[in-house]
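Side chains are part of it too, since the values below use all heavy atoms of this structure and drop only hydrogens, waters and symmetry mates. Reminder, nothing fancy here: chain letters follow the sequence lines and each chain counts from 1.
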Protein chains: 2
Amino acid sequence: MKKIPSLIDVALRAKVNISTVSRTINQTGKIGSETQARVQKAMRELGYKPNRVARRLRTQEGSTHLLGLIIPNIQNIFFADLARGVEDVAYKNNFALLLCNYDEDEAKERFYLDVMQSESVDGIIIPPIHETDPAVLQVVRNGTPVVCVDRSLSSGNLDKVEVDNHIGALRAVEHIIARGHRRIGVIGGPLDSSTGRERLRGFKDAHAKAGLTLKSELIRFGDFKQESGQVHARELLTLPEPPTALFVCNGLMMVGALEAIAALGLKIPRQVAIVGFDELTLADVFNPPLTVVRQPAYEVGKWAADLLLKRIEDPKRPASSLKLLPELIIRKSC
Amino acid sequence: MKKIPSLIDVALRAKVNISTVSRTINQTGKIGSETQARVQKAMRELGYKPNRVARRLRTQEGSTHLLGLIIPNIQNIFFADLARGVEDVAYKNNFALLLCNYDEDEAKERFYLDVMQSESVDGIIIPPIHETDPAVLQVVRNGTPVVCVDRSLSSGNLDKVEVDNHIGALRAVEHIIARGHRRIGVIGGPLDSSTGRERLRGFKDAHAKAGLTLKSELIRFGDFKQESGQVHARELLTLPEPPTALFVCNGLMMVGALEAIAALGLKIPRQVAIVGFDELTLADVFNPPLTVVRQPAYEVGKWAADLLLKRIEDPKRPASSLKLLPELIIRKSC
DNA sequence: GTTATTCCGGCAATCGTTTGCGGGACCAAG
DNA sequence: CTTGGTCCCGCAAACGATTGCCGGAATAAC
């Protein structure tokens, strides 16, 4: 239970005032070089580490060196990759990361948003739970820098970095059609999320461009969780006239769909072709290897953190909006 | 840029002293009921949220309601599940989570450990980078509650929750042997981690029990990352006399090994059987479905957080040590 | 020698809480 | 009427940093 040294201890040992110590640490104000040396020495000898809490309390604005990241679920590999991207740039800039999972639960999102403000984070990265997320807007109004990732906010002029979901889905479904499929089932996401909507739009546009008519019984909406992928896939594939191909709108639901297919004993791609959204672990060594549209999750995180850091430095800079391109990785499942 | 209300604002509005407000919030000290009501009302009207930073600064000890979790890599599904377990119990108890990835990098681990102390977290959950991790020990000596997960620390009498790695590996390799394999390759982990060592011990013990002699050329050591799984698998399988079965000691390396097998065009389990450590996404729908020893990662996280919370509440309680049982899931890859 | 300028570094307020201490008000007992 | 005891609640000192302001010393200019 050793006492952790504070500014005072350093000041005492170097025989200077605490303000002098503070100034040598932060390189602010003019301090004589021999005084600096004395202070440095004292700090080294005591193993002094500045107290981030005190620092954050004092300087409400500016670099308290803490970033907040609020995501639906870290178990979703997409968000894990994204988080990793954020973390890497945070670490490079000496920022720590407050990470929370809100599970698509609005109350939880609110709670964590409160925590972040209460912790005086320098900025927050978040995929808003839906397009008009009042809680997020409130945080922005309070002056906390926010950048939206993955999903966007309809109002509020915020920094954001997204993936071009429309083009991703479009390419995927065009590819399915090019493979000769005409009855294509889709397991989409919630329509109040921009990702869900954009991917569905891609699905529809691909049909339109090919002159295909949509079959409403083949359009299902999941909740981006594994379970829903499974039930909808099972339902679709046990239809009297089942689809010959499936387009699944996120990774977790893809896993569920694959489970359903395995349970039904269907062969991919002969009996049912499938293409997913999100690269999965093992997708390339799966049998057959999975055709998916890969989202650059890590890069999304990286860019988001970049943007956030820039905004923290200069709160007045105009909001920028990035849209990264997903990549259709054609393997053997379709 | 609305001003966030503080205790003072509430006090002013309720026409009481700030200490009274503080006391009604924390239920400490006797406060008249009509005064309490007035304060509650003022808080509601102003939308007051206590400032966690100030609170943490003031009370160095006790519930600042922040937990630290330092893990190697969130992209490793084992740690993602574990993190989720921690997070769930943290949330239930109104704790937030400071999450960091140290990437098996000692400098990074040190940095984050410093950050956590500097942030005055209530406690830390960490898989120590190796058995005699001086940085972790130092933190413990400073009086911060720590619980070790997954890997343990040889000295220091700490709370810990681990998986029984020996029995897991033993069962796995026994199963491989029962399938008739005699030349079994292993891709192990670093020997300075308890997990790496215990799993290898299981491997050896299984051989001993079956009266098999170890072939040293079939024993390889990776670093628990994907890449190393791939190169060692390739090397093993291109030996003049390759093993007929592989035991891979963690999930990431398993992915690498499967890549190598796919690249080599080998058929599982006919040409090479394989069993891994850690359940992987898609493992059960893989072709063939993967035989693995599943670690209860989520439960490890849950228990660890439980233990940590208990210790925070009562720092003097004797250290407890949990060992959870892994489960051998026999599917078709061996 | 006097005044002005520069350079350093100390003093003290501040951030938003918690908390030990003390004191006023009120009531009951003597 | 005095004394003693509760019961509330206010005062002010922490926690560990940052920072505006000021003043002393040293040097330079006159």
Which nucleotide in the set dT17(C), dT19(D), dA17(D) lies at the smallest distance from any side-chain heavy atom of T59(A)?
dT19(D)

Taking the minimum atom-to-atom distance to the side chain of I31(A), which one of dC8(C), dG9(C), dG16(D) wins?
dG9(C)

Which nucleotide in the list dC8(D), dG9(C), dG16(D) gets nearest to the side chain of S6(A)?
dG16(D)

Check whether more than 12 heavy atoms from other residues, nucleotides or ligands sit under 6.0 Å from atom CD of E45(A), and answer yes or no.
yes

Over how many whole Å does the gap from R55(B) atom CZ to dG16(D) atom C1' extend?
18 Å

Look at all strands and tell whether I8(B) reaches a base, only sugar-phosphate, or nothing, counting heavy atoms closer than 4.0 Å.
nothing

For K30(B) and dC21(C), give me the distance from atom NZ to atom P, rounded to whole Å.
20 Å

Looking for any heavy atom pair under 4.0 Å, which part of the strands does T35(B) touch: base, sugar-phosphate only, or nothing?
sugar-phosphate

Identify which nucleotide among dA17(D), dT19(C), dC15(D) has an atom closest to any side-chain atom of I18(A), counting heavy atoms from C-beta outward.
dA17(D)

Assign V16(B) to base, sugar-phosphate, or nothing according to its heavy-atom contacts below 4.0 angstrom with the strands shown.
sugar-phosphate

Can the ring centres of Y102(A) and F111(A) be said to be less than 6.0 Å apart?
no

Using the side-chain heavy atoms of N17(A), tell me which of these nucleotides is nearest: dG16(C), dT19(C), dC11(C).
dC11(C)

Can you find a donor-acceptor pair, distance only, under 3.5 Å between R56(A) side chain and dG16(C) base?
no

Would N17(B) and S19(B) count as having a side-chain donor-acceptor pair, cut-off 3.5 Å?
yes

Within a strict 4.5 Å, meaning less than it, do heavy atoms of the E299(B) and L82(B) side chains meet?
no

Which is true for R52(A) with a 4.0 Å heavy-atom rule: it touches a base, it touches only sugar-phosphate, or it touches nothing?
nothing

Nearest-Å distance for atom pair CD/P, residues E34(B) and dC9(D):
6 Å

Atom CG of N26(B) and atom P of dG16(C) are separated, to the nearest Å, by 17 Å

Salt bridge flag under 4.0 Å for residues D81(A) and K302(A)
no

Check this one for me: any side-chain N or O of N51(A) less than 4.0 Å away from OP1 or OP2 of dA17(D)?
no

Kindly say if S22(A) contacts the phosphate of dA17(D), meaning a side-chain N or O under 4.0 Å from OP1 or OP2.
no

Is any side-chain nitrogen or oxygen of T20(B) closer than 4.0 Å to OP1 or OP2 of dG10(D)?
yes

